[in-house]
Amino acid sequence: VSDQLAASVATDESQSAETEGKLTEALSQIKAFSAAAIDAGHSLVAANAATTVALEDKDALDRRFAELLAVKEQLSGDLAKEVHSHQLAVRGLQNKIDGAEVRHADEVSSLKQHISTLTELASEAS
């Protein structure tokens, strides 16, 4: 019985040592996976921070673009008003030129009549 008990204890000790080795190996793998998970977590935090910065930059660029678009619209409106103002001024000048041409034509016609009348009077006087 004592031989059987000794054999049983030896088997149990052998199995315990084998189990302990497997547990030690499993624990090492768990530690390695934990370290890899922690590294991945740090990488994820860094990527998240970079994404946040990029989104803030994008928001700032979107706001600047909106500001520039508003300035462009304002300048376009101002330019349209300026062009319209110049068009009105050109029309006014053209109307003055047209009026002056009509007045000068009337004056030339009147002068021609006077010359014609003077020529007739001179002919009659001679």
Side-chain angles (χ1 to χ4, degrees):
V1 174
S2 91
D3 286 342
Q4 286 180 340
L5 185 59
S8 176
V9 167
T11 302
D12 285 348
E13 285 177 353
S14 172
Q15 287 177 347
S16 283
E18 186 180 320
T19 302
E20 186 178 333
K22 288 180 182 178
L23 288 175
T24 301
E25 178 62 27
L27 184 59
S28 293
Q29 289 179 356
I30 289 170
K31 286 180 181 179
F33 288 139
S34 294
I38 289 170
D39 287 345
H42 290 150
S43 295
L44 184 58
V45 167
N48 189 29
T51 301
T52 300
V53 169
L55 287 173
E56 289 170 354
D57 289 348
K58 181 194 174 295
D59 289 344
L61 288 173
D62 286 346
R63 284 191 300 277
R64 183 64 179 142
F65 179 76
E67 290 170 3
L68 291 174
L69 189 59
V71 168
K72 177 198 165 270
E73 293 298 323
Q74 179 65 40
L75 290 175
S76 293
D78 292 348
L79 180 61
K81 289 176 188 173
E82 191 69 25
V83 167
H84 183 69
S85 174
H86 284 295
Q87 286 173 336
L88 292 176
V90 167
R91 280 190 210 133
L93 289 172
Q94 186 62 49
N95 288 340
K96 287 181 180 179
I97 290 169
D98 292 345
E101 288 175 351
V102 168
R103 281 192 308 278
H104 289 301
D106 289 346
E107 290 172 4
V108 167
S109 177
S110 177
L111 285 173
K112 284 182 180 178
Q113 273 185 331
H114 286 300
I115 291 170
S116 179
T117 302
L118 289 173
T119 305
E120 286 178 21
L121 287 175
S123 296
E124 290 176 9
S126 34

Nearest 0.5 angstrom please: [X] [atom1] to [Y] [atom2], how far?
X	Y	atom1	atom2	value
Thr11	Glu18	OG1	CD	11.5 Å
Leu27	Leu23	CG	CG	8.5 Å
His104	Glu101	NE2	CD	8.5 Å
Asp98	Leu93	CG	CG	11.0 Å
Glu73	Leu69	CD	CG	5.5 Å
Gln87	Ser85	CD	OG	9.5 Å

Check ion pair Lys22-Glu25 (N to O, under 4.0 angstrom): no
NZ/NE/NH1/NH2 to OD/OE distance under 4.0 Å, Asp59 and Arg63: no
Working for side-chain contact (heavy atoms from CB on, under 4.5 Å), residues Glu124 and Leu121: CA-CA 5 Å; Glu124 290 176 9; Leu121 287 175; 4.3 Å; yes
Gln29, CD: over 12 other non-hydrogen atoms inside 6.0 angstrom: yes
pair Leu88-Arg91: side-chain heavy atoms closer than 4.5 Å: yes
Backbone N or O of [Y] within a donor-acceptor pair of the [X] side chain at under 3.5 Å?
X	Y	answer
Ser116	Lys112	no
Ser16	Asp12	yes
Ser14	Ala10	no
Ser8	Gln4	no
Thr52	Asn48	yes

